[in-house]
Amino acid sequence: PETVMNARGVIERQVKQLSHLINDLVDIARVTNGKVDIRKASFDLKGIVSNAVETSLPLIEKGHHEFSLKLHGAPLPLSADATRIAQVIGNLLTNAAKYTPSGGKIRLTVDRDGDEAVISVIDNGVGIPSESLESVFNMFSQVGRNMHHSQGGLGIGLSLVRQLVALHGGTVTAISEGAGQGSTFVVRL
């Protein structure tokens, strides 16, 4: 029975990972071919953030990371596809959890800058060399010495993030002081 339970656990984890990878590939193909329908509606961004955090929290907790969330005090009305924006935030949080060593710190801040909502995911993880700051958004891109941290990823999450943010008329940037210095991803909508 113990061997069966262990095997079942391995199979379940692998199927879940494979399903996640296939969904990301399908999403990226749809975005690339212009077949993603962005269904904008008016939302308070804080509600979208709560959904994204809820789905990302198990991986953050699995890594024993210290997670903090800072939300803008007033409502942040946004015309967006709530599912896709939650997907963007979830992908950024997932990456932070994957590329931050166990027990690291991950912070999510949601603020306002004029007419823009600003979402920042900050970690004290492995960081990004300056020469790779722009290429991390390329399809199948993984920074060379950090590939062992990828935990089965194909390097499509950040490409999907950039494309979904662009479909909303926004931008995403990566900031890092270099290897071992953590990373910050800033989404402006």
Side-chain angles (χ1 to χ4, degrees), residues 14-40 45 48-49 51-53 55-56 58-60 63 78-100 104 106-110 116-123 125-179 181-189:
Q14 293 300 317
V15 167
K16 184 177 178 182
Q17 181 67 20
L18 184 59
S19 175
H20 179 73
L21 292 173
I22 289 170
N23 286 337
D24 279 354
L25 284 170
V26 169
D27 277 346
I28 213 70
R30 286 183 186 139
V31 170
T32 302
N33 293 319
K35 294 183 178 179
V36 167
D37 290 326
I38 298 296
R39 297 187 176 123
K40 289 186 177 182
L45 180 56
I48 298 171
V49 169
N51 290 339
V53 168
T55 59
S56 303
L59 186 60
I60 292 169
L78 184 67
S79 177
D81 184 323
T83 301
R84 295 302 182 176
I85 296 302
Q87 183 178 10
V88 163
I89 297 167
N91 277 358
L92 293 175
L93 288 171
T94 297
N95 270 8
K98 286 180 180 179
Y99 292 97
T100 299
I106 299 171
R107 188 170 76 234
L108 172 61
T109 65
V110 181
E116 292 182 322
V118 181
I119 303 161
S120 301
V121 176
I122 304 120
D123 66 60
V126 298
I128 306 167
S130 60
E131 67 273 8
S132 300
L133 285 172
E134 191 58 32
S135 67
V136 294
F137 295 104
N138 294 342
M139 183 74 114
F140 304 117
S141 174
Q142 292 184 335
V143 177
R145 45 180 182 265
N146 293 334
M147 288 180 70
H148 64 281
H149 288 284
S150 69
Q151 299 179 21
L154 292 176
I156 59 176
L158 290 177
S159 178
L160 182 59
V161 162
R162 176 166 272 177
Q163 291 183 48
L164 289 174
V165 169
L167 287 172
H168 284 84
T171 61
V172 60
T173 54
I175 303 161
S176 179
E177 296 296 318
Q181 301 298 310
S183 304
T184 299
F185 288 85
V186 180
V187 175
R188 291 181 166 271
L189 299 168

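Between the side chain of Arg162 and the main chain of Val172, a donor-acceptor pair closer than 3.5 Å is present. Without hydrogens or angle criteria, Thr100 side chain to Ala96 main chain gives a donor-acceptor distance under 3.5 Å.
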Let me see the working for Leu160 and Gln87 under side chain to side chain contact (heavy atoms under 4.5 Å, CB included), right down to the final yes or no. CA-CA 9 Å; Leu160 182 59; Gln87 183 178 10; 3.4 Å; yes
Ser135/Asn138 under side chain to side chain contact (heavy atoms under 4.5 Å, CB included): CA gap, chis, key distance, verdict: CA-CA 5 Å; Ser135 67; Asn138 294 342; 3.7 Å; yes
For side chain to side chain contact (heavy atoms under 4.5 Å, CB included), just list the numbers for Lys40 and His168, CA-CA rounded to whole Å, side-chain angles, deciding distance to a tenth of an Å, and then say yes or no. CA-CA 9 Å; Lys40 289 186 177 182; His168 284 84; 4.1 Å; yes
Test log, rule side chain to side chain contact (heavy atoms under 4.5 Å, CB included), inputs Ile106 and Ile60: CA-CA 8 Å; Ile106 299 171; Ile60 292 169; 4.3 Å; yes
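One distance of note links CG of Leu78 with CD1 of Ile48; it measures 5.5 Å at 0.5 Å rounding. Between Ile119 atom CD1 and Leu108 atom CG the span is 7.5 Å, to the nearest 0.5 Å. Of the inter-residue distances, the one linking Leu164 atom CG with Asp81 atom CG reads 8.5 Å to the nearest 0.5 angstrom. Distance check, rounded to the nearest 0.5 Å: OG1 of Thr55 to CG of Leu93 gives 8.0 Å. In this structure, CD1 on Ile175 lies 13.5 Å from OG on Ser130, to the nearest 0.5 angstrom.
Leu92 has its side chain within reach of Leu158: a pair of non-hydrogen atoms, C-beta onward, lies under 4.5 Å apart. Side chains of Arg84 and Leu167 form no contact here, defined as non-hydrogen atoms less than 4.5 Å apart.
Closest approach of Ala52 to Ala86, counting heavy atoms only: CB-O, 3.5 Å. When all heavy atoms of Asn91 and Gly157 are compared, the closest pair comes out as ND2-O, 3.6 Å.
No more than 12 heavy atoms of other residues, nucleotides or ligands sit less than 6.0 Å from atom CD of Glu177.
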Enumerate, atom names and distances included, each donor-acceptor pair closer than 3.5 Å involving a side-chain atom of residues 182-189, sequence neighbours excluded.
| unit_1 | atom_1 | unit_2 | atom_2 | d |
| --- | --- | --- | --- | --- |
| Arg188 | NH1 | Asp113 | OD2 | 3.1 |
| Arg188 | NH1 | Glu116 | OE1 | 2.7 |
| Arg188 | NH2 | Asp113 | OD2 | 3.3 |

